[in-house]
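Input: a single structure, listed below in structure tokens.
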Amino acid sequence: MGTALYIAAHPDDENTRLISYLSNKTKARTGYLSLTRGDGGQNLIGQELRELLSVLRTEELLAARSVDGGEQFFTRANDFGYSKHPDETLKVWDKEQVLSDIVWTIRKFRPDVIINRFDHRTPGSTHGHHTSSAILSVEAFDIANDKNAYSKQLSQVTTWQPKRIFFNTSWWFYGSQENFEKADKSKMMELDVGVYYPLAGMSNNEIAATASSQHLCQGFGRPLERGSQPEFIELLKGDMPSSENNLFEGIDTSWSRMTGGEPIGKILYEVESNFNFVDPASHLPSLLKAYTLLEKTESSYWKDIKLEELKNLIISVSGLFLEATSKDSFTNPGSDLTVRLELLNRSTHKILVSSSGLVGSEPSYMDLSLENNKKKEVEMEIKVSEDTPYSNPYWLNDKWSLGMYKVDEQDLIGNPETTPPLNVYFNLEIEGIPLTIERPVVYKFSKPDKGERYQPLGIIPEATVRFDSKVLLFSDKSPKEVPVRVTAHKDNLKGKVQLRFAEGWEVDKEFQDFEIKKKGEEITLIFKITPPMKDNEAHISPIIHLGNKKLNKELILISYDHIPTQTVLLPSETKVVRLNIEKVGEHIGYIAGAGDEIPESLREIGYSVHMIDPSSIEAGSLDRYDAIVTGIRAYNVNEELKFKQSFLLEYVKNGGNLIIQYNTAGRRDKKFDNLAPYPLSLSSGRVTDETSDVIITAESHPLVNSPNKISEKDFEGWVQERGLYFPDEWDARFTPILSMHDEGESPLEGSLLVAPYGQGNYIYTGLSFFRELPAGVSGAYRLFANMLSLGNEELQNNTDIKGK
Ligand SMILES: [Zn+2]
């Protein structure tokens, strides 16, 4: 009966070795509190970013916990992207709310020990979210037991004082193994987390590596590790344990910890030491006796936890199989649903289902006796109540801000996910002892190429609606035909669709009628949208009218093999942008990098974008392009590209225009060979504040004058960051165009560099166009158009003259 809480900032920060060790070796109730859900990260396995990435990464954490045995918690803090310093982090987060959520988790989970992943004493040395997680954890340790702190919580929980708080240190925090060997270790404990579990046939580190390999979208798939391995934790507060590896020293973690626990413990220790692996059901009478005794104890924290654990033991030893499944993956509030129950007792003990039904409603049937290994199947017709909430991650129900998700209901805060809305209860009598088990209604299916699968049952509206893209660009005054796609989630749906739009924009039809016969079918309605004359940004959202009902949700499914399929319902809308943009040149060659949507964005404003496979590049093959752009990290992900660089530079020499977006340099090869025609040295310099001032230093350069005049205004409305991996040294033939910096730092000049080479131009930029263009940021488009136009303006002038 010990409890340990591990605290860090992001999904994948957690040390699964230690979590698995605490859970499986120490057998503590172990939790991981990740302050954020990791929205700011990238995604190696799919398209989900930002809020959708938060859903995927939440599920990856739960998958990791199901392997290492931990539980999972969160605060409302939003991972808004890279932050260099906790001061910045705590300005964007609502510090009070995040601290309140940590205190809440401590009061609810009641950890005896807290372990921080990061050091609260070294701000600026790692991601600001990391240091903030440690700073706030230490603060929470100090105030969780203070009844004046967040006193509103005390109607639902009591104060709690954890006994100790540690920092999970390692040589890495000391810069080198040598430094760490020399460090003062009087406050450190060393645990061997490489222990072997003979019953599982696995080492702790094999479990830990399997757990962290669930973070697939972050590229955390890794080999399993075996063998002895030290782990260090440094005491921050509380008394130092005298014994070598007992974090819980001084805490009674036996059954005596709870009132009335001793006789229960006696029964269970007996079962444990004489466990019959051949016939586990032989322990059922003892377990039922312990369960009955536990039920009679006064209500307490441990009572609830141990009742659940005992129930699971009872189910396991008796081989009891209970499930409630649906043949449909989705249903709507107010609909009828057939739920199929499968019940099977695989022991010789007497098990009776005295009643069963949907939680919150009357029992559907009574007195079903489960005989040994005789399967019972029952179909239950249920009515999904009209007020059943839609399936959606609860933190996405309300509009969120850059730094915080909005969750008003205190009970939800901290929960990893939304609890399933439809659950079936089974009132059992096992050898005469009453016991209730609940199971969520899940969708069960099988696929020839996958086998049997389960996924959460989705509660969704009768119809959902979507646009093809999140941003629509209008680079001139001509109207665009915009498809609006409506999907029915019940048969025989009739209604009409209306677009809600902002002043200045025009839509050709007020309403369009539709009729869909079959559930699951999608139809397309075309609306013609005319932009205003002047620059403008607005949002357009479709409304489905079904009688008096108005629906506006877009259905998004997040489906991967390593997580349960997630149903997300967000307001359907698209950003519409009217930008007056001048451009010269038409044919752009694009060499893909680590995945970005820039080619799509450039097509939106009228360029012909041709994807170039590096293996097809040869002398002269590039001459037909007005400009060539390489995607982010193209040279990092495409080995072959480095060998084609001479052709790219040759293209520039002959009058071409080459734009290289950021690449990262490893520690050793800081200077990429021939990445640029002149010396250029990459660094990790970045400007993370997307609102930081930008100064145009090369005011008269064509890049900021032609064909679009760029001003400070063009740097308004940027998202997430200014840019990253800026070069820090360059040849004198380069002209730096811009200067920018994060608060309290010196200006960086390397975000946009240009140099003439032969007849052409070479541009290197770490500006985050890969984020800004898909977000529809006008200024970024105008600047990008200038980069593409560089050197082509003369062409244009000549044509004009010829034309005249
Ligand atoms: Zn992190």
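Counting convention: from 1, in listed order, for ligands and their atoms alike. One-based numbering along the sequence shown. Side chains are part of it too, since the values below use all heavy atoms of this structure and drop only hydrogens, waters and symmetry mates.
With a cut-off of 2.8 Å, the Zn ion (ligand 1) has no N, O or S atom of His129 in range. At a cut-off of 2.8 Å, Asp12 does not coordinate the Zn ion (ligand 1) through any N, O or S atom. One of the N, O or S atoms belonging to His10 lies under 2.8 Å away from the Zn ion (ligand 1).
Checked against the Zn ion (ligand 1), the N, O or S atom of Asp13 at the shortest distance is OD1.
Using cut-offs of 30° and 60° on the angle between ring planes, the pair His129 and His127 is tilted. In this structure, His130 and Phe118 have parallel ring planes: the angle between them is below the 30° cut-off, well short of the 60° mark.
With Phe232 as reference, Phe180 is the one residue of Phe167, Phe180, Trp171 to meet the ring-ring contact (aromatic ring centres under 6.0 Å, His included) rule.
Not a single donor-acceptor pair under 3.5 Å links the side chain of Asp742 to the backbone N or O of Glu745.
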